Amino acid sequence: MKVKDLTDIPKAYNPKVVEDKWYKYWEENKIFHSEVDESKESYTIVIPPPNVTGMLHLGHILNNTLQDIFIRYKRMKGFNALWVPGTDHASIATESKVIAMLKEQGINKYDIGRKKFLEHCWDWTDKYGGIIIQQLRKLGVSCDWDRLRFTMDDHYYEKVVEAFVKLYREGLIYRGYRMVNWDPASKSAISDEEVLFKEVKGKLWYMRYPIKDTEEYLVVATTRPETMLGDTGVAVNPNDERYKNLIGKSVVLPIVGREIPIFADEYVDLEFGTGAVKVTPAHDVNDYDMGQRHDLEIINIFNDDASTNSNVPEEFRELDRYEVRKKVVAKLEELNSIEKIEDYTNKVGYSDRGGVPIEPYLSEQWFMQMDDLSKSALKVVREGKVKFHPHHWIKTYEHWMGGIRDWCISRQLWWGHQIPVWYHKETNDIYCDVNPPEDIENWRQEEDVLDTWASSWLWAQDVFTSEEEQKYYYPTDLLVTGPDIIFFWVARMIIAGMKFMNDIPFKDVYFTSIIRDDKGRKMSKSLGNSPDPIDVMNDYGADALRFTVNYIAPLGQDVLFSSEKTELGRNFANKIWNAARFLLMNAQDVELDETLLNKHIDFTDEWILSRFQNTLQKFEKALDNFDVNGATKIIYSYVWNDFCDWYIELSKNRMYSDDAEVKAAVLTRSLSLFAEMMKLIHPFMPFISEEIWQLLDERKEGESISTSDFPKQNVELINETAEKEMEFVQDVITAIRNIRGEMNIPPSKIIALYLKTESLSQVQQDYIKSIAKVDELVVDKIIDKPKASASAVVRGCDIFIPLEGLIDLDVERNRITKEINRLEGMMVGVSKKLSNEKFVNNAPAEVVEKEKAKQTDWQNSIDKLKIILSDLN
RNA sequence: GGGAGUAUAGCUCAGUUGGUUUAGAGCGCCUGCCUUACAAGCAGGAGGUCCUUGGUUCGAAUCCAUGUACUCCCACCA
């Protein structure tokens with residue numbers, strides 16, 4: 001054992017130099033690479049592939065740090081750990097970005113055609129797709145970069161197509177003319193999950209529809225007056241007395257002049273509006289259903305960009321939906337057909353990606369039948385084969401899976417996996433296969449591509465490119481993702497796993513918190529409250545950010561983040577750095593020797609090892625239960641409070657000893673424990689732990705803490721006797737510090753101490769003397785209180801500090817009185833319990849004993865303090 | 001209209017199966033300290049009706065119920 005020769009160690013930790021250096025080292029030495037190895041158990045995580053359009057944000061930081069923590073922990077525990085990285089082609093998101101980019105150059109997608117457009121998409125992917133991957137390296141993630149995957153890689157593409165063909169042949173994928181959510185911006189269908197409902201302040205228009213052959217009219221209320229151009233009926237509730245006589249009659253549609261029936265349908269709510277509903281089967285889901293029930297005509301009035309088509313009167317054609325709304329309302333007012341207009345707030349569905357209101361729209365689409373597919377996926381989660389953390393997300397999952405509807409998987413886009421279906425040019429026959437038909441000239445391929453999620457749902461199984469690998473690594477162990485994509489991705493991956501692999505895709509799912517700003521608001525570009533993680537890492541270090549985010553992120557609750565909070569992690573890194581610096585500097589000229597590990601041992605050594613074991617146990621338990629936040633706190637308090645505040649301080653006695661062997665022994669021990677500590681830190685703060693671990697001893701080329709053995713639990717090192725001895729010393733020192741503090745006795749002032757107890761070991765006495773700056777320490781069972789002294793009672797023992805000339809009697813009286821009051825307050829509770837017969841009779845004997853012991857101890861202390869107080873008076 | 005979560009110190013949160021916690025931590029605040037690892041630090045201190053009201057129990061921050069407040073998800077009400 002030999003520490004690195006160091007001439008100058010910087011006083012403050014500088015992450016910049018350290019972090020880049022080690023990441024390079026890890027990559028060069030392929031520390032994160034994994035190969036199939038049947039002699040070892042695998043531990044696998046697949047990264048939630050970020051979009052190629054994406055930039056790193058704080059959500060990624062939390063998410064990827066968590067994955068890295070688990071993968072590094074398991075790697076050190078001896079698993080063959082593999083973390084597969086990759087990116088998602090993100091069909092609609094990327095396509096709209098490329099369209100926008102081309103638009104700036106005056107280029108239109110349709111003008112250049114599919115082939116050329118896709119080239120632009122690939123260019124975009126090559127140019128921007130790697131950014132986020134590069135940014136992740138800065139965070140220190142231990143992905144196996146030799147396995148970087150993309151959802152449009154050849155192998156992956158084939159697998160997506162294969163899955164489609166298989167499901168099509170089983171009749172689970174079908175084509176249908178249906179009402180879908182239409183995004184007029186991208187001119188594509190989107191799935192139900194991609195629709196976000198927003199509250200929008202709008203109006204409710206009451207419109208008069210003249211009843212045929214009468215002077216009367218029927219008033220209908222609507223939020224979308226323009227759709228009246230496509231009305232083909234008016235519905236009322238069958239039980240509505242107001243309109244009973246009108247059922248079967250018809251109205252004449254204003255502007256259009258079309259005669260449309262009045263009919264009865266249970267769907268209509270008597271309370272809302274006028275109780276009469278205009279029905280537009282082509283542009284509203286409910287209206288469509290009513291149209292089907294009552295055999296109404298379906299008139300589509302919109303083009304695919306939601307402008308009006310030739311099915312409306314000429315003067316209203318080729319207008320945007322909001323333009324035509326104004327025009328229709330104006331016209332109706334002119335015709336005196338508007339009864340009134342009310343303010344009304346309703347929920348409008350917006351396209352998640354396009355950002356514009358979606359349009360219910362009838363079109364030919366491909367659907368996946370989800371009913372049967374979802375059954376086994378629901379079962380494995382219910383049975384706990386796939387476990388959710390926090391567990392309560394299971395309810396959300398069950399709810400969605402229970403009411404699952406068919407999935408619209410076709411998109412009228414070009415960037416993505418083109419649907420492997422060909423239509424015969426003459427017969428219109430359908431051909432579906434992984435390979436195109438041989439007489440390709442007679443066929444034309446389906447233009448549509450698949451929903452992005454209909455490719456990424458295979459991520460957990462098809463990032464592995466050989467059967468051997470798939471068999472070895474699948475099922476993966478852990479998925480870390482946000483609860484916002486539980487339906488989009490998590491559920492569908494489980495479905496795909498059960499369908500194509502007949503096995504679950506992962507054993508545990510960790511749902512991360514949502515990062516908000518320090519006021520609890522969502523991070524957003526427009527608010528400018530979203531710090532760039534790269535800046536934060538430059539300012540504070542990647543380790544600091546990683547540690548901080550986890551320290552403040554409880555499982556399942558939002559994280560309130562601001563850049564300044566990263567000081568917590570930075571300060572901790574600096575603390576670790578300085579503790580290491582202290583040991584390393586002292587070890588420079590010392591002959592370290594591992595045979596000294598068990599020499600010159602005292603209770604403080606036993607205590608710190610005992611505490612380490614205790615910490616290790618709690619740490620592993622926390623991580624095994626996915627309580628990452630808890631693990632950060634456990635390690636933080638051990639390093640800072642136990643190791644730095646107490647152990648290092650106490651070790652100085654021997655560190656500065658004249659006996660070289662004593663010094664060497666204490667340093668050897670501290671350094672070797674420090675190396676073990678670094679291993680617990682490593683999953684959270686990989687860079688600083690590697691840096692220090694490398695300094696602590698001579699390491700071979702290519703060696704890394706990442707692949708070192710994680711500390712093993714050893715119950716034999718738990719030492720209660722040592723802990724008791726230590727606690728007594730700590731309490732005495734704390735009591736003295738308290739007196740010093742409250743009496744304003746300078747730390748430099750050396751004091752005497754009288755300790756009234758049977759006996760106290762010489763080592764304990766020595767530590768008390770050095771830490772508390774005591775020169776004369778008297779320990780005896782018979783001690784008379786010296787004159788003008790401050791006092792305290794520690795674990796039943798009187799302690800006195802003679803302070804002739806320094807003591808302020810008022811302050812001392814206050815101190816003692818405060819302590820008596822505190823103890824008496826506690827006594828009230830205990831006495832009440834013990835005088836309660838029911839408690840004494842019913843509570844377990846040991847609990848009663850404990851309470852009695854407390855009572856005796858406290859009473860004892862109170863008595864002593866009272867004597868002290870009366871002496872003062 | 002359904003469902004989920006949260007409420008503990010000025011702020012952000014811990015608090016393990018009810019009694020080992022005298023309700024803790026970080027930040028902030030107050031008072032001392034440049035004590036030869038660390039001022040990004042050390043030491044001491046102040047600060048809490050554990051959201052309300054009931055219930056279960058010998059015993060409740062902890063379990064149950066009710067209410068209140070905030071957050072989020074799902075749902076086709078024109």
Side-chain angles (χ1 to χ4, degrees), chain A residues 9 11-13 179 197 204 220-224 227 235 267-269 271-274 276-280 284-289 344 346-347 349 360 390 392-393 395-396 398-400 403 483-484 486-487 514 516 518 520 540 544 551-554 556-560 564-565 567-568 570-586 618 621-622 625 627 629-630 633 636-637 641 644-645 648-649 652 656 734 737-742 744-748 773 822-823 825-826 829-830 832-833 836-844 846-848 850-851 854 858:
Chain A
I9 313 172
K11 203 169 168 183
Y13 174 61
M179 183 158 281
F197 285 90
L204 194 57
V220 297
T222 181
T223 54
R224 299 199 59 191
T227 60
Y267 164 77
V268 180
D269 179 358
E271 307 295 319
F272 191 88
T274 60
V277 185
K278 63 185 272 310
V279 181
T280 323
D284 182 278
V285 181
N286 296 306
D287 290 9
Y288 180 76
D289 293 343
Y344 185 70
N346 71 333
K347 294 212 166 167
H392 72 252
W393 286 109
K395 296 202 174 167
T396 306
E398 280 179 342
H399 183 253
W400 188 71
D484 49 330
I486 188 167
F487 309 136
I514 292 163
R516 297 169 172 279
D518 55 357
Y540 298 95
Y551 193 89
I552 63 177
Q557 276 189 75
D558 294 349
V559 183
L560 274 51
E564 303 78 62
K565 288 196 179 181
E567 285 176 15
L568 173 89
R570 181 200 59 181
N571 294 355
F572 185 45
N574 197 49
K575 188 73 184 176
I576 295 168
W577 179 251
N578 274 290
R581 181 166 160 257
F582 171 75
L583 296 177
L584 288 165
M585 285 190 324
N586 278 289
K618 285 194 289 186
K621 193 179 166 199
N625 289 314
D627 179 11
N629 176 250
K633 289 179 175 162
Y636 183 92
S637 88
N641 303 122
C644 293
D645 288 347
I648 286 192
E649 288 308 316
K652 284 176 180 172
Y656 301 140
T734 304
R737 283 170 173 170
N738 174 282
I739 289 168
R740 290 192 110 111
E742 301 222 354
N744 268 324
I745 296 162
S748 52
K773 292 226 160 67
R822 193 179 68 94
L823 286 167
M826 281 153 46
V830 179
K832 214 170 100 187
K833 262 190 190 175
N836 183 344
E837 267 181 51
K838 285 179 181 167
F839 170 73
V840 179
N841 294 334
N842 292 320
E846 51 178 275
V847 173
V848 178
K850 269 179 209 161
E851 294 297 320
K854 278 190 208 167
W858 294 342

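Because the structure is predicted, anything quoted here is derived from the model rather than measured. Each chain gets a letter, A, B and so on, in the order the sequences are listed, and its residues count up from 1.
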Checking all strands, does [X] fall into the base, sugar-phosphate, or nothing category for heavy-atom contacts under 4.0 angstrom?
X: A:K347; result: base
X: A:N586; result: nothing
X: A:K652; result: base
X: A:Y288; result: nothing
X: A:R581; result: sugar-phosphate
X: A:E649; result: base
X: A:D645; result: sugar-phosphate
X: A:Y540; result: nothing
X: A:K278; result: nothing
X: A:L204; result: nothing

Hey, is the side chain of A:Y344 poking within less than 4.0 Å of OP1 or OP2 on B:A78, counting only N and O atoms?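 Checking A:Y344 against B:A78: at least one side-chain N or O falls below 4.0 Å of OP1 or OP2.
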
Whether the side chain of [X] engages the backbone of [Y] through a donor-acceptor N/O pair (distance < 3.5 Å, no angle test) should be reported.
X: A:N836; Y: A:K832; value: no
X: A:N841; Y: A:E837; value: yes
X: A:K565; Y: A:L560; value: yes
X: A:R581; Y: A:I9; value: yes
X: A:N578; Y: A:N574; value: yes
X: A:D627; Y: A:A622; value: no

For nucleotides [N] and [M], find the distance between their [atom1] atoms and express it as a whole number of Å.
N: B:G47; M: B:A9; atom1: C1'; result: 6 Å
N: B:G45; M: B:G5; atom1: P; result: 40 Å
N: B:U31; M: B:U22; atom1: C1'; result: 24 Å
N: B:G15; M: B:U8; atom1: P; result: 14 Å
N: B:A61; M: B:C50; atom1: C1'; result: 5 Å
N: B:C11; M: B:G18; atom1: C1'; result: 30 Å
N: B:U6; M: B:A14; atom1: P; result: 9 Å

Between [atom1] of [X] and [atom2] of [Y], what distance do you get to the nearest 0.5 Å?
X: A:D645; Y: A:K575; atom1: CG; atom2: NZ; value: 5.5 Å
X: A:L204; Y: A:T274; atom1: CG; atom2: OG1; value: 9.0 Å
X: A:L568; Y: A:Y636; atom1: CG; atom2: OH; value: 5.0 Å
X: A:T227; Y: A:D287; atom1: OG1; atom2: CG; value: 7.5 Å

Could you list, one pair per line, each protein nitrogen or oxygen that sits under 3.5 Å from a nitrogen or oxygen of nucleotides 29-34 of chain B, together with the distance?
none

Pairs under 3.5 Å (N/O, protein and nucleotides 57-60 of chain B):
from, atom 1, to, atom 2, distance (Å)
B:C58, O2', A:N836, ND2, 2.8

Euclidean distance, atom [atom1] of residue [X] to atom [atom2] of [N] [Å, nearest integer]:
X: A:D558; N: B:U71; atom1: CG; atom2: P; value: 11 Å
X: A:L584; N: B:A37; atom1: CG; atom2: C1'; value: 10 Å
X: A:D484; N: B:C73; atom1: CG; atom2: C1'; value: 11 Å
X: A:M585; N: B:U36; atom1: CE; atom2: C1'; value: 8 Å
X: A:W393; N: B:G3; atom1: CH2; atom2: P; value: 16 Å
X: A:N578; N: B:A39; atom1: CG; atom2: P; value: 7 Å
X: A:N346; N: B:C77; atom1: CG; atom2: C1'; value: 10 Å
X: A:I576; N: B:C38; atom1: CD1; atom2: P; value: 17 Å

Task: Mutual orientation of the aromatic rings belonging to A:Y656 and A:F582 [parallel < 30°, tilted 30-60°, perpendicular > 60°] - done: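 Perpendicular, since the angle between the ring planes exceeds 60°.
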
Discussion item. Please verify the inter-ring angle class for A:F272 with A:Y344; under 30° counts as parallel, over 60° as perpendicular, anything in between as tilted.
Written reply: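 Aromatic pair A:F272/A:Y344 classed perpendicular.
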
If you restrict it to nitrogen or oxygen atoms, what contacts under 3.5 Å exist between nucleotides 24-27 of chain B and the protein, and what is each distance?
from, atom 1, to, atom 2, distance (Å)
B:A25, O2', A:Y551, OH, 3.4

Notebook entry, point to check: Could a donor-acceptor pair under 3.5 angstrom be found where the side chain of A:K11 meets the base of B:C38?
Noted result: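 Under the 3.5 Å cut-off, the side chain and the base do not form any donor-acceptor pair.
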
task = Using distance alone, with no hydrogens and no angle criterion, decide if A:S748 and A:K773 have a side-chain donor and acceptor under 3.5 Å apart.
result =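 Judged by distance alone, the side chains do not pair up.
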
Secondary structure of RNA chain B per the Watson-Crick/G-U criterion (both distances under 3.5 Å; [ ] crossing, | other strand, . unpaired) is (((((((..((((.....[....)))).(((((.......))))).....(.(((..]....))).))))))))....

Which heavy atom of [X] sits nearest a heavy atom of [Y], and at what distance?
X: A:Y551; Y: A:N629; answer: O-ND2, 2.8 Å
X: A:Y540; Y: A:E564; answer: OH-CA, 3.8 Å
X: A:F839; Y: A:K833; answer: CD2-O, 3.3 Å

Atom pairs under 3.5 Å: protein N/O with N/O of nucleotides 5-10 of chain B:
none

Which protein N or O atoms sit under 3.5 Å from an N or O of nucleotides 45-49 of chain B?
from, atom 1, to, atom 2, distance (Å)
B:G45, OP1, A:N738, ND2, 2.7

With a 4.0 Å cut-off on N to O distance, would you call A:K854 and A:E851 a salt bridge?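 Salt bridge present between A:K854 and A:E851.
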
Original post:
Between B:C73, B:C38, B:A37, which nucleotide gets closest to the side-chain atoms of A:F487?
Top reply: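 That would be B:C73.
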
Tell me which nucleotide among B:A78, B:C73, B:A37 gets nearest to the side chain of A:K575.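 My answer, after comparing the listed nucleotides, is B:A37.
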
**OP:** Starting from the 5' end of RNA chain B, give me the residue, A:A221 or A:Y13, whose nearest nucleotide shows up first.
**Re:**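 Looking at the nearest nucleotide for each, A:Y13 comes out on the 5' side.
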
>> Taking the nucleotide of RNA chain B with the nearest heavy atom to each, does A:E851 or A:I648 sit closer to the 5' end?
In response: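 The residue whose closest nucleotide sits nearer the 5' end is A:E851.
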
